[in-house]
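To start, the structure under review is shown below, and the notes come after it.
Start at 1 and go down the list; that is how both ligands and their atoms are numbered. We number each residue from 1, following the sequence as shown. Only this structure's heavy atoms are used, side chains among them; waters, hydrogens and symmetry mates stay out.
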Amino acid sequence: MSEVDPYDEVMRLRDLLRSWGVEYYRNDAPTVSDSEYDRTLLALRELEQKFPHLVSADSPTQRVGAAPLEGFETVVHRLPMLSLDNAFNADDLLDFDRRVRERLDGAQVRYACEPKLDGIAVSIVWQEGELTLAATRGDGRTGENITQNVRTIDSVPLRLSGENIPRYLEARGEIFMPRAGFEAFNARARRDGGKPFVNPRNAAAGSLRQLDSSITRRRPLSFCAYGLGYVEGMSGALLSHTEAMAQLNQWGLPISEHSRSVPGIDGCERYYEDLSQVREGLGFDIDGIVFKVDTFAEQERLGFVSRAPRWAIARKFPAQEEMTVVLGVEFQVGRTGAVTPVARLDPVFVGGVTVSNATLHNADEIARLGIKVGDTVIVRRAGDVIPQVAGVVVDRRLPQAEDVAFPDSCPACDSVLVREPGEAVWRCDAGSACPAQRRAAIEHFVSRRAMDIDGCGEKIIDQLVDLDLIKTASDLYELSQDTLAGLERMGTKSAKNLQAAIEDSKNTTLSRFIYALGIREVGETTARQLAEYFGALAPLFTATDEQLQEVEDVGPIVAGHLQRFFADPGRQEMINSLISHGVYWPAPEVQIGDLPLSGQTWVVTGKLEQMSRDQAEERLRVFGAKVSSSVSGKTSCVVAGPGAGSKLKKAHSLEVSVIDEAEFIIQMEGWQE
Ligand code: IVH
């Protein structure tokens, strides 16, 4: 066996690890498994321990372990780190393009477009290919030396790879925390009693500010380059931003996979629209788009004004987070009695809408946020998601801020509140006797996916309930047109329309009706399954626990909710009253029990030879079976072909009967008779 020179072996392992790292972080395309990577890293670490003279600062093993600092040193940037002018709408962007074209005398300009990452700007220097310095932007002229911390970030290469590496290369970019890492970090912090961060940007900033780089090492930070700084000793010239980014990428720096070069300002607008569409799915926060005149010659002609270049602009997205003040906390009682604290906020424009309320979910969330009335909070609204209070700005707390007191009894009817084991919510246990629960139940009853009574909004229901004109949903069917016309904001015409809508709603389906009843945890799907299984309402009243649990998706908890609901005399009376007012639904077309496989649930898995899986499933449906994609205790039978895996295993473990394709074909012949 030939002796391997430890030096050669150390170099070989480093090269391997570096190239894997570059593939992984630069191209987002891992070429080896994590375990292979870890094994190789360990082998290198062991060799370096054995031969300490071979350790060097740019080794992949050297991302940890620097001694904590007393403070950060100041770094003077060789070229100032500028900021960007903002465009808040399409007009601002057109103005920018006009100014650019005027200065360049005319024609259409090519723009490089890239996401504006919401993190921390950094400058990173590689000398002779080795990372030697990393600094924050600071005031643009001087920043702080955060080299130790930046070295711990896996996507920042400690040594550049590729050809023609300049003697001195400064790249600029953003360090940020991807959302998944942020969520995981916060979940851990909460579990361990630590302090979660309000948003990924603060998390990135806080992580870079650590004097002990071993803390930074444990934070899931990423880096993305977006520009050049000072460069010296480079062979060949880079002519445009796009070229420069491609070159940085070749040297191993991660760049945005979303960057594009487009012709003219129309291209920029389209890019903005396209990226707005995918913003939520990016996996990291961006607060806008940066547009840069692409060619360096044009950038030079345009130059700078004070702190920002004339050749670039940031088109901002509507902010997804804003600060505001909590004016009070109210407690709402929902349809199922759940008491939900709602923060009343000083209205703020965030995520494209004005927000004046945000749910605080439950008592645990109030405790977690440590929120007080009078506090300044960060409100977040992303996409179509309901607004959330992301965190309290504790620095702005005033001495008069008051604790939030969770009520001891139902704010609507004063009944006791109960909290079931393992649940975070407190509930009023008065059921239909609680006016707030009744009101919420009526709102649900009329909603579009339930009885679909058009024109019967919250304001109308509030008046009807407050004036004691209705107590339950069935009272709706007794309202006269005159009574409706007497309500505020209701003319004769709309009263007539509303009454017609109420009348129309009588013709419904069993599954809509079950859903409209507003039984706890019975959503549309469960309602449909109940309707299919029982085929009529009456059997539901007397169904046993076992019968209910025969239904797909119904387990012991939902079965319990159903039984309690149908046992409540107030609810029985309301259902009877609805039916006597003429609410009806057509009987199911196919009587349950008519077909050979009615009431059965089948699963098809593995590869079939005589037919495709789709065909097999279609035939099962024709014979009345319900076809499911997962095996459970309720599965009647599994058809398994070659290659069946976990579903087959599960069927065996649950002792569900399993047949092969040949047996399936024989059985089908029997059903056809
Ligand atoms: S270019 C001279 N490109 O935005 C050009 N900046 O408001 C300077 N940022 O401090 C910046 N993504 O932290 C540029 N793709 C991007 C960016 C970006 C985020 C940040 C950066 C900068 C701030 C400017």
Side-chain angles (χ1 to χ4, degrees), residues 75 77-88 92-93 96 100 111-124 134-144 146 150 153 155-156 170-178 199-205 207-209 221-231 238 240-246 248-249 253-262 268 271-272 275-276 279 282-296 298-317 319-320:
V75 174
H77 298 300
R78 293 179 84 157
L79 293 173
M81 284 182 82
L82 302 171
S83 63
L84 293 167
D85 275 343
N86 291 322
F88 293 99
D92 290 350
L93 202 58
F96 162 75
V100 165
Y111 290 104
C113 317
E114 39 194 51
K116 186 168 187 297
L117 294 159
D118 205 3
I120 304 299
V122 287
S123 142
I124 309 181
T136 60
R137 176 168 178 273
D139 61 7
R141 202 181 55 81
T142 61
E144 285 178 327
I146 53 165
V150 171
I153 301 170
S155 49
V156 176
E170 179 193 0
R172 283 155 182 199
E174 202 84 349
I175 286 174
F176 61 99
M177 193 178 282
N199 56 35
R201 183 175 195 282
N202 286 13
S207 303
L208 285 180
R209 227 181 286 119
L221 297 174
S222 278
F223 170 69
C224 177
Y226 56 63
L228 291 176
Y230 182 79
V231 183
L238 295 166
S240 68
H241 179 75
T242 302
E243 262 182 50
M245 289 297 102
L248 287 182
N249 195 225
L253 271 62
I255 59 170
S256 174
E257 56 168 319
H258 299 279
S259 50
R260 301 269 178 283
S261 161
V262 303
C268 296
Y271 180 89
Y272 174 85
L275 220 74
S276 310
R279 179 185 186 190
L282 287 178
F284 46 85
D285 280 0
I286 64 174
D287 57 350
I289 307 289
V290 184
F291 298 112
K292 301 170 181 172
V293 170
D294 202 0
T295 59
F296 287 151
E298 284 176 339
Q299 285 189 5
E300 263 157 45
R301 278 168 64 198
L302 288 159
F304 304 88
V305 263
S306 64
R307 294 160 59 97
R310 285 205 194 87
W311 44 262
I313 196 154
R315 166 86 154 91
K316 302 282 277 201
F317 286 134
Q320 291 183 320

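- Partners of F284 by ring pair (Phe, Tyr, Trp, His ring centres under 6.0 Å), not counting sequence neighbours, listed by chain and number: F176.
- Partner of T295 under the side-chain hydrogen bond (donor to acceptor under 3.5 Å, both in side chains) criterion, out of E298, Q299, K292: E298 alone.
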Between ligand 1 and the protein, tabulate every N or O atom pair separated by less than 3.5 Å, reporting distance only.
residue: ligand 1; atom: 3 (N); partner: K292; partner atom: NZ; Å: 3.0
residue: ligand 1; atom: 4 (O); partner: K116; partner atom: NZ; Å: 3.2
residue: ligand 1; atom: 12 (N); partner: L117; partner atom: N; Å: 3.1
residue: ligand 1; atom: 13 (O); partner: E174; partner atom: OE1; Å: 2.6
residue: ligand 1; atom: 13 (O); partner: E174; partner atom: OE2; Å: 3.3
residue: ligand 1; atom: 13 (O); partner: Y226; partner atom: OH; Å: 3.4
residue: ligand 1; atom: 15 (N); partner: E114; partner atom: OE2; Å: 2.9
residue: ligand 1; atom: 15 (N); partner: P115; partner atom: O; Å: 3.2

Report all side-chain donor-acceptor pairs from residues 77-84 shorter than 3.5 Å, counting only partners two or more places apart or in another chain.
residue: H77; atom: NE2; partner: T136; partner atom: O; Å: 3.1
residue: H77; atom: NE2; partner: R137; partner atom: O; Å: 3.2

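- Side chain of D92 to backbone of N86: no donor-acceptor contact under 3.5 angstrom is found.
- The ring pair (Phe, Tyr, Trp, His ring centres under 6.0 Å) check on Y226 picks up nothing, with sequence neighbours excluded.
- Between Y111 and F96, the two ring planes are tilted [angle within 30° to 60°].
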